[in-house]
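To keep things clear, I will list the structure first and then write my remarks on it.
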Amino acid sequence: MDLSFNEKQEEYRQHAREWLINNIPEGWGTPEFEWPDDEVERGRILRDWDRKLYEGGFAGIAWPKEYGGQGLTHVEDIIFNEEAGKLNAPGGINVLGKLLLGPTLLLFGTEDQKQRFLPPLLRGDEVWCQGFSEPNAGSDLAAIQTRAELVDDKWVINGQKVWTSFAHHADWCFVLARTDQELPPHKGITFFLVPMDSEGITVRPLVQINGNRDFNEVFFDHVSIPKENVVGGVNNGWKVAMGTLGFERGTLALGRQVRFQNEFNTMVKISESLKKNGESISQNSYYRQKMAELFAEIRILRYHGLKTISQLLNEGKLGPEASLQKLFWSTMHVNMGKIGLEILGEEGPYIGKESVGRGVLQEIDFGSRGETIYAGTTQIQKNIIAERVLGMPR
Amino acid sequence: MDLSFNEKQEEYRQHAREWLINNIPEGWGTPEFEWPDDEVERGRILRDWDRKLYEGGFAGIAWPKEYGGQGLTHVEDIIFNEEAGKLNAPGGINVLGKLLLGPTLLLFGTEDQKQRFLPPLLRGDEVWCQGFSEPNAGSDLAAIQTRAELVDDKWVINGQKVWTSFAHHADWCFVLARTDQELPPHKGITFFLVPMDSEGITVRPLVQINGNRDFNEVFFDHVSIPKENVVGGVNNGWKVAMGTLGFERGTLALGRQVRFQNEFNTMVKISESLKKNGESISQNSYYRQKMAELFAEIRILRYHGLKTISQLLNEGKLGPEASLQKLFWSTMHVNMGKIGLEILGEEGPYIGKESVGRGVLQEIDFGSRGETIYAGTTQIQKNIIAERVLGMPR
Amino acid sequence: MFFGFNDEEKMLRRSVRDMFKNKNTPEHVRAFMKEQTIPPGLHKLLADQGLLGIIDLNGSQDRKGMVNAILVAQEAGRFLLTYPLLESMVGLAALKTCSKQAEVASEIESGEKVLTVAWTSVDAKARRSENGYVIDGTLREVPFAKDADVILANVRILGMGQTPNEEETLVLIDPKNPNLVIRDANSMDLTYPLYEVSLLNYPLNESAVVNRMGMGAGHQLMEQMLKIGALLLSAEIVGCAERTLYDTVEYTKQRKQFGKLIGSFQALKHMAADMYLKVESGKSAIEYAAWAVDTDNEDADLAISIAKSYTSSNGVQVCGDAIQMHGGIGYTWENDMHLFFKRARRSAAVLGDSYYHRENIAKVAIDGIEGKREVGSKKPIVVEV
Amino acid sequence: MFFGFNDEEKMLRRSVRDMFKNKNTPEHVRAFMKEQTIPPGLHKLLADQGLLGIIDLNGSQDRKGMVNAILVAQEAGRFLLTYPLLESMVGLAALKTCSKQAEVASEIESGEKVLTVAWTSVDAKARRSENGYVIDGTLREVPFAKDADVILANVRILGMGQTPNEEETLVLIDPKNPNLVIRDANSMDLTYPLYEVSLLNYPLNESAVVNRMGMGAGHQLMEQMLKIGALLLSAEIVGCAERTLYDTVEYTKQRKQFGKLIGSFQALKHMAADMYLKVESGKSAIEYAAWAVDTDNEDADLAISIAKSYTSSNGVQVCGDAIQMHGGIGYTWENDMHLFFKRARRSAAVLGDSYYHRENIAKVAIDGIEGKREVGSKKPIVVEV
């Protein structure tokens, strides 16, 4: 058991923190920061941040140098993510590229693919989005109906994807499509790399319940792509996709934990400003107990995160136990939203800029409702734990 | 909507209360009452109480006079139960006879059976127990393996029952047994009336986690009973049993509610006697909120109970919605146990006569764990609600 | 003993439900969310059905109309009614206690004028000036103020009592008066907008006073309005929760995943069963409370706090579970689940949140219980329920 | 960065588990519940394995043995160990800070004497008498006192400090002395009996004092013992919870209802998944806290309170869910589930319950946080974690 960071790692943390403080635009990450209304402008700002990260040497921290990465370990990666979390720095626009596609290509991609796609991804030149879910294939991903057929040495894709984050900003999309109708559902799927400027692609934004427009529907109408844009082999896409989802469920929880800690501190501040019978809510034992319990869980999330990193470092991969982390943080965050609204009391309905806390607690309440759904619902994570970790019969 | 009791009913309440106060042995129903350790002696006391109830005119309140009942309505029944609950009067020893067998016979029994069995049941001369569950047929009651075969005009029963409350005191047992191995599980079951002094019956007590010995295992080894001791017809026992379980789930909640209210008041008293930073726990907002929430639920249980009675009175029967009531009170009671232990804090482990509250809150914690299991587990009740009330697909 | 609705009450519910179904459709709600203007004709419709003046605080035969009112409020929640019906019902009940205000009351009841209530007064005070009284200060939590013709508000008239409470006076505010500013308060619930109204030198005519100035009358009436309002809000929450439950159950009977209707998964069945338990318990709580108010039962205040605290916690949770059970589609703006969730959230927060009403309960259940058992006593003790 | 156990630690766990499996079987536990006497040979066995003196508060190389100690405590919970191992570990750690007590410490560590700790002193005070000091008062929460040879207790020695805290002094009490009475305190957890010890004119020899009299030394050491004890109790709770989880999962793979293994019902799967989440979270919490104590991390006290509050609430719930998942059989005395449930309940209640430790957390997380964001500030703020 050794949970400390060594001297070199602590130096790295210092370096990262200084760089972040010097490079984050003023007010960014505070509830007071005003994003432009225009989506294109918003995309430009985020992409600029990705480019800055690359120039600063903070893109692909744990990826090999030969593909534009920094050749460091998951420890430095996590240190940077923690520091970025502490400053509430947005994740950039290429989250899905860095979090999902990159690790997937490193594991399943050909050498050509790695050389072709990883450096521009890290540079912020090519932004990625994820084309997995479909209207009738959410939890049941194997039910996808989007098809790809080989026509004259080109794959021709037809179908519809949903919940495609950042599709309206993306240059590329990694897409699951059915390539064999005869095989069982899990066996006839292939993982494709599709340029978003291909003819036949239409993107329609999906507004979320918190008013954000990060998600999209993407329609593929006879979209034709080169034969070689396949990762992990034809009809082997299910295995590749499961690897991708594993990354989604298991990693980056430490950065997330710091963000939750940040939200918690804001919650404390708000609880101090609200009074009940002349006393700050923060001094009322009911709210103190609720907040303390929440704080304990945020810390435990950190412990889980450290364990995950340790596992990655020492064993090189994550098991189905990673579902625990997704289940833990998403349900904890829903609870956090609930407690936030309890603290706000009669101030709860007001979410404008002039409201208490500028609506940041309500945003937790709304946003967290999506978190227990995307990247595998709470129900799916529990199935995975019961069946694959505890070995209960299917 | 008319939730008041009329003048005559209020008079009845007054009458019942006075009778109870005059007839309940001193200290009975208080945590200070000392039950004899001897089970036989204990049984005698309870049976005496049943006899006293009969003599006082409080047995079979809503049953027809011709079978020894009082010929009143469910309203008077509930009024008496409420008053008995207020005084925390034990339910007597013939709970299963009065609560389950009586209504079942009234609905499914022959005229002869009603005349033969109901009067001695009410008089306290014949105590009943229930032989439904088996080691491999708990939630899945239709899986019972106890068999009855017709041999020379007698039914011969072989098998084993469990969770048979009061079997060690009972004169009779109502038993489900399989009478046809060929028919589908639900269709080959018959409902029998079995004298407990029959040759071949062995009773073995099952100790519960709270140390009580109310439950038993009952073994039937070639137990022979008269051919006519069948209720509702051969192979029609499933329907009869479902009626019986309906009574179990739906009724008597009002008396129970008052008992919970009684426990709640004890909890308040205890919370007043325990201090935290020099202040009574009852004045600490954390515990106040928890207790107030509990109190609200106890009251809502009362509302549900009133609704059930109203339904019985006005429609003559209960639907599957009655599962709601069982689910509500049993899970609420588990929560009550939890809050009780929170209030006790460091005093929690001590359960002796000299402990805080004489262990009454811990008894809730232990006893309630059985309540979410017997008479249909929480999971079974939720299945019933989802499938039979909400019509979700099986 | 009859815990249910009679034929008349059932008919009322049916007719209100039919009306909302046709006249307050999801399309109407979505249009309202953009315009934030009450659709023309809606007041008239509600007035014609006799819904606005349904509560009568001096009701004869022990009936104040609360049982009817909760039935109507439940339907308002179920259909996300975009009208201050709750404020009309409660406000009219208050206005009708004052014979002076009979004319404006009848204009409101007949649908000519839209009434709303300012639920919170942030230090709004009337002081004497050259020409009578003028009011300065801010009114908060004023639903639909932008569309209202009359705002019923509680302000302090300085000097009209020994204490601030005594000075409180119910007055009618004219939202079209130039000496006030109405500001959208940016509430999460776009189906029921809240406004803030700032008054500066607002002239208070004596004819705008309900009952009389000060002497505790305004305070007392407002207290009563807040209680009845809290009960009606509970009914709205129950309506939201019930609607989302049954819509969700319906969805699980249509949607397939893994080759099965998702409603056949036990995890979703048990979630639905828990939701049902919460909805039915909320219904029992509001129905009992309405009966208690109607019959002047001594239990009434307690029953209201039970209803509001229970529904505020549990009703919101039902709406949240409904989002979860819908999966991704439930998290989209296009789907209606979030509208119910936010409406329930808003309703849970105002007129006393769960904490407030549980503290009310604690005052009765903990501080004031009768017949508490003395630890160690062997006397039989009668527990009153 | 390594969050896990090294081979040595894993071997320790394996050997302890094997030993308990063979020497502290369910039959032993049931026999103990009747006799309430530590089975002969058990102390020797624990001593031979070197488990009693496993904690060293002055441990070299930043290692105090806490990581090993929680592994052992977890196994004690998992097997319902009927021995005051926790008290031995914590008490020996305290005794070893005092060179005067080296002899008795070695007798305890070698298994010749059984040590227990009186966790609570109810006003036990030593006053001067003719022949030195005598103690009057009561010690509570003394596990296994009946079988102990030495009780480590915290008593006030009047006059040995300016405040009651300063007067506190750790002393060794001889349970065989005629001037004390040991009474069974009737604890729910029959696998770990608690006693009350009443002293009257109990002669306190100076040689029985640990370190020195008063001056805050006893208070400080007891505080440390309580913290370490709370962490070890958390580990015991985790052991109970983990055992019931896996026993229950196993049961669901054997038991059939409705023609299917009950483990294939999604409702039970999801309950098990929730239990797993609580068990794993509890494990992470105690492991982190043990590391923090071992390395004198400034986080240590906070981490202990996180571990104790989390496991006290959630560990008990896991054991309760295990009863539920077993159905009727889980509600019988014969089945072991209730033994774990009650042991977890007792462990959750003592050495600070959830409320107490959450309040400790609140003092750090709410009252004392650094870098709280000023509402309205645009400065980037570094949140320390």
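The figures that follow rest on heavy atoms only: side chains count, while hydrogens, waters and symmetry mates do not. Owing to the predicted nature of the structure, the values given are computational and were not obtained by experimental measurement.
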Contacting region of A/Leu341 [heavy-atom separation from chain C under 4.5 Å]: side chain
With chain C as the partner, which of A/Gly345, A/Ala143, A/Gly211, A/Pro185 has the greatest number of non-hydrogen pairs under 4.5 Å? A/Gly345
Can you tell me which portion of C/Ile323 sits under 4.5 Å from chain A's heavy atoms? Options are side chain, backbone, both or neither. both
Roughly how far, to the nearest 0.5 Å, is CG of A/Leu344 from CZ of C/Arg345? 9.5 Å
Should C/Asp189 and A/Pro349 count as side-chain neighbours, where that means a heavy-atom distance under 4.5 Å? no
What part of A/Thr378 lies closer than 4.5 angstrom to a heavy atom of chain C: side chain, backbone, both or neither? both
Testing the basics here: between C/Tyr331 and A/Ile373, what is the closest heavy-atom pair and its distance to 0.1 Å? CB-CD1, 4.3 Å
Tell me whether the count of non-hydrogen atoms from other residues, nucleotides or ligands lying under 6.0 Å of CG in A/Asp38 goes above 12. yes
Heaviest contributor of heavy-atom pairs below 4.5 Å to chain A, chosen from C/Met188, C/His338, C/His326, is C/Met188
Between A/Leu206 and C/Glu334, is the side chain to side chain contact (heavy atoms under 4.5 Å, CB included) condition met? List the steps. CA-CA 8 Å; A/Leu206 267 180; C/Glu334 285 174 46; 3.7 Å; yes
Which of residues 261-274 of chain C get closer than 4.5 angstrom to chain A, counting heavy atoms alone? C/Ala267, C/Leu268, C/Met271
Any side-chain heavy-atom pair of C/Asn186 and A/Ser355 under 4.5 Å: no
OG/C/Ser313 to NZ/A/Lys338 distance, rounded to the nearest 0.5 angstrom? 7.5 Å
Contact check, side chains of C/Arg183 and A/Glu354, non-hydrogen atoms, under 4.5 Å: yes
Would you mind reporting whether C/Trp333 and A/Asn210 have side-chain heavy atoms less than 4.5 Å apart? no
Heavy-atom distances under 4.5 Å only: say whether C/Leu351 touches chain A with side chain, backbone, both or neither. backbone
Side chain, backbone, both or neither: which part of A/Phe366 has an atom under 4.5 Å from a heavy atom of chain C? both
With side chains defined as the heavy atoms from C-beta onward, is the minimum distance between C/Asp353 and A/Glu342 less than 4.5 Å? no
Do other residues, nucleotides or ligands put more than 12 heavy atoms under 6.0 Å from A/Phe219 CZ? yes
Interface residues of residues 249-257 of chain C facing chain A - non-hydrogen atoms under 4.5 Å apart: C/Arg255, C/Gln257
Worked verdict on A/Glu346 versus C/Arg346 for salt bridge (charged side-chain N to carboxylate O under 4.0 Å, His left out): CA-CA 9 Å; A/Glu346 297 242 351; C/Arg346 193 255 317 152; over 6 Å; no
So A/Trp163 and C/Thr332, do their side chains get closer than 4.5 Å, heavy atoms only? yes
Proximity breakdown for A/Ala142 and chain C, heavy-atom pairs closer than 4.5 Å: neither
Any donor and acceptor pair, going by atom type alone, linking the side chain of A/Lys276 with main-chain N or O of C/Tyr355 inside 3.5 Å? no
For C/Glu141, which atoms come within 4.5 Å of any heavy atom of chain A: side chain, backbone, both, or neither? both
Do C/Gln324 and A/Arg369 touch side chain to side chain, with heavy atoms closer than 4.5 Å? no
Any non-hydrogen side-chain atom of A/Tyr350 less than 4.5 Å from a side-chain atom of C/Arg140? yes
Relative to chain C, which segment of A/Asn284 carries a heavy atom at a distance below 4.5 Å: side chain, backbone, both, or neither? side chain
